[in-house]
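Some notes on the structure that comes next.
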Number of protein chains: 2
Amino acid sequence: MADVAERAGVSVSTVSRTLRGLATVSPEAKRRVEDAARELSFVISRQASSLVTGKTGSVAVLAPTLNSWFTGSVLAGLGPVLRTAGLDLLVYSASDLAERAEFFEQLPARRNADALLVVSFDLTAEESARLDGLGVPVVYVSQRSSGRPSVYVDDVAGARAGVRHLVNLGHRRIAFLRSRRGAAGFTFSSRRRIDGYREALREAGVEPSDELVVDVSAPGRRGTEEAIGTLLGLREPPTAVFAEVDQIAIEAIGVLRSAHIPVPDRISVLGFDDHDMAQWMELTTVAQPAVELGRVAGELARALIDDPNADPTAHRELPTSLIPRGSTGPVGSVGAGESVGSVEPGSEG
Amino acid sequence: MADVAERAGVSVSTVSRTLRGLATVSPEAKRRVEDAARELSFVISRQASSLVTGKTGSVAVLAPTLNSWFTGSVLAGLGPVLRTAGLDLLVYSASDLAERAEFFEQLPARRNADALLVVSFDLTAEESARLDGLGVPVVYVSQRSSGRPSVYVDDVAGARAGVRHLVNLGHRRIAFLRSRRGAAGFTFSSRRRIDGYREALREAGVEPSDELVVDVSAPGRRGTEEAIGTLLGLREPPTAVFAEVDQIAIEAIGVLRSAHIPVPDRISVLGFDDHDMAQWMELTTVAQPAVELGRVAGELARALIDDPNADPTAHRELPTSLIPRGSTGPVGSVGAGESVGSVEPGSEG
DNA sequence: ATGAAAGCGCTAACAC
DNA sequence: GTGTTAGCGCTTTCAT
């Protein structure tokens, strides 16, 4: 910066003012500074400026995984907002409790970011309290945290709408596939989606049964296979399955397909998310605007960062919508035609 | 830090040394510093230390999108490596040429990161040259850049193996679906996969035909629909389709399915990636270890950062492997049974 | 409108 | 093994 100042024939103060776009610089000086900066390809050092301003110029995101549809979508929504605001995006992942504990141990965001976005974690009260003491705004994405900025969809209403759709198709034995992958406390929405599921059942005069709520815990194919196996082994198996997330719904379709159980003719499958792949699996699902959640969370964070009297308890609820596709159908429609589930892999030498 | 020093009854130097884990601190002092730091919940400010050390403690990643399977996988592989090394992960995305130009305009990584990972970009020579002048190591992921650190798979060999599989099944009219989404220069691997495709065809005594190489440009369903439409409109349509990436392969299966063209009985579909969803679509594909690519790239970056005589031209090639599934089958096997493509969406009221 | 100077919180010599 | 001190590259009073 001293170099630029010298080359432009002004003081470092003037260079600093110019580069920050302050109006109190004469056009002449401004021009010369800009030229000099360009010629020396000079860029302001964030570390140095943040040392004095206290602002880091970046926001941190904490997510359970980096390669899930939801996290990817949120990041994709966040990216443009932050770029526009001139903020960098710092990403932390904590896929199990140990990593999560480590994150809270170090609280790296403490001085490293101007805001923290916590994505789809079901934090304990202590963890949240810990974050409150961080000194930077914390935005909860896909989790409602009362009194704290949160961005989410109405999981209860979404799940209710989905189950109503199944009920309207005549289903009464409707199972719920709960995602239990990763350590405990990783799926806040879980409880609420089950609530919506139960509400819709009661609404239809069906008493929710615990045997129809099955956990998918093991990762990969096996977890879903086990869960489906449990359901099919019931004295009275379900005619429809509502998976907490599309990922599992898609796996369920695959597993049923392998077992030659036609979808939706013998079992309807409903998901939640509207994952990119849902349409290609013909999956009926409750769509949630994940990219949009990221965008809104980013804007909320931005507001909290540079508007001192922004509402620090703002909640933003985004809508869900049911997207009917081929994986759900009227109950007991076996023999009505071909189905999503029918597959006969080609043989190979 | 001064507070901690006072509370521990030592100097700031001792605090600094302790917190950085230097051995030259007496156990007694160490303990007291650690206690004091904990009680005051003190964390070292990265900005301040990087100001003097010149190291930022973070690595930057530039990727075209944040919500693609490949980027997500690479980030997932990268995360643990960086965490272990105590490095933060800074993410930049540039989905079109304008954003890309802006990135190079600002070169935010200039002083913001200790290394830059460029993921699946086909950079121009000028862009690469620009990055060379950045002053930090740049690792190319999924792109070979001669003389520069690169991590990739052998796309030619992978594609060749895939097409050989189709040839072995009796296919001779094999189309290639090229991904042309996003702006130009976003898919380095494209050229090499086509090369492998052509090689395998020639090997089988088939002269590659340009009419069988079709671009998928429009995003979403439409692009793939158009491409498949073009292929089906040929005087002699292909009996197999090799998509450059699984995403498009999956869409192709979906489109064919909607058109009631059985897969693989009438058309076999082959992908490249082994996307999470590939198994659920019964997609035969050339698997590439994307998470592993991220991990290796992270280790390479780490080595380049803190080992001054690490090889700055290191190339790491990871293997691909063919995963045969149900979407490919012998040519002309119509009527051989049910198929992946058969779907009759359930009706709904 | 511009410059001089005092730090921001840390690390790296250098003394002890 | 520990303390002192001089900056790292900026921003920000405070003068002018």
Side-chain angles (χ1 to χ4, degrees), chain A residues 1-34 36-37 40-58 86 88 106-114 135-136 306, chain B residues 1-37 40-58 86 88 106-114 135-136 305-306:
Chain A
M1 187 151 171
D3 298 347
V4 178
E6 190 181 8
R7 187 175 188 112
V10 297
S11 71
V12 289
S13 316
T14 303
V15 175
S16 174
R17 284 191 266 256
T18 306
L19 266 27
R20 276 178 299 147
L22 301 191
T24 64
V25 180
S26 69
E28 166 63 7
K30 182 174 147 90
R31 196 189 51 70
R32 285 165 55 192
V33 169
E34 281 167 349
L40 297 164
S41 68
F42 171 84
V43 189
I44 284 185
S45 154
R46 276 212 153 123
Q47 356 286 333
S49 39
S50 61
L51 190 55
V52 31
T53 59
K55 301 260 147 228
T56 65
S58 57
D88 280 349
Q106 315 207 155
L107 279 191
R110 187 176 181 72
R111 328 279 257 307
N112 275 212
D114 297 338
V136 300
D306 46 43
Chain B
M1 186 150 169
D3 298 348
V4 178
E6 188 181 10
R7 187 176 189 111
V10 297
S11 72
V12 289
S13 318
T14 302
V15 175
S16 173
R17 285 190 266 256
T18 306
L19 265 30
R20 277 179 297 149
L22 300 191
T24 63
V25 180
S26 69
E28 166 62 7
K30 182 173 147 92
R31 196 189 50 70
R32 286 164 58 192
V33 168
E34 282 166 349
D35 288 352
L40 297 165
S41 68
F42 172 85
V43 188
I44 284 185
S45 156
R46 277 215 150 119
Q47 355 286 331
S49 38
S50 60
L51 192 54
V52 32
T53 59
K55 302 260 147 228
T56 65
S58 58
D88 280 349
Q106 314 207 156
L107 277 192
R110 188 177 180 71
R111 325 278 257 307
N112 276 211
D114 298 338
V136 300
I305 288 172
D306 46 41

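Proteins get letters first, then strands, A, B, ... in listed order; numbering begins at 1 in each.
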Run the side chain to side chain donor-acceptor pair (under 3.5 Å) test against A:Ser49 and tell me which residues pass, sequence neighbours left out.
none
Closest to the side chain of B:Val52, out of D:dC10, C:dA12, C:dC8, is C:dA12
So does B:Arg17 reach the base of D:dG3 with its side chain, donor to acceptor, closer than 3.5 Å?
yes
Does B:Thr53 have a side-chain nitrogen or oxygen under 4.0 Å from the phosphate oxygens OP1 or OP2 of D:dC8?
no
Measure CD/A:Gln47 against P/D:dT11 and give the value in whole Å, please.
12 Å
Which nucleotide, D:dC10, D:dT2, C:dG3, lies nearest any side-chain atom of B:Thr24?
D:dT2
Closer to the 5' end of DNA chain D via nearest nucleotide, is it B:Ala48 or B:Lys30?
B:Lys30
Go through C:dA1, D:dC10, D:dT2 for me and flag the one nearest to the B:Ala29 side chain.
D:dT2
Taking only side-chain N and O atoms of A:Arg20, does any of them lie within less than 4.0 angstrom of OP1 or OP2 on D:dT12?
yes
Per atom distances to the A:Ser49 side chain, the nearest of C:dG3, D:dC10, C:dA1 is D:dC10
On DNA chain D, does the nearest nucleotide to B:Val12 precede the nearest nucleotide to A:Val15 from the 5' side, or the other way round? Give the residue.
B:Val12
Strictly below 4.0 Å: does B:Ser45 bring a side-chain N or O up to OP1 or OP2 of C:dG9?
no
Name the closest nucleotide to the A:Ser13 side chain, picking from D:dT2, D:dT11, D:dT12.
D:dT12
Between A:Thr14 and C:dG3, is there a side-chain N or O to OP1/OP2 distance below 4.0 Å?
yes
A:Thr18 vs A:Arg32 side-chain heavy atoms within contact, under 4.5 Å:
no
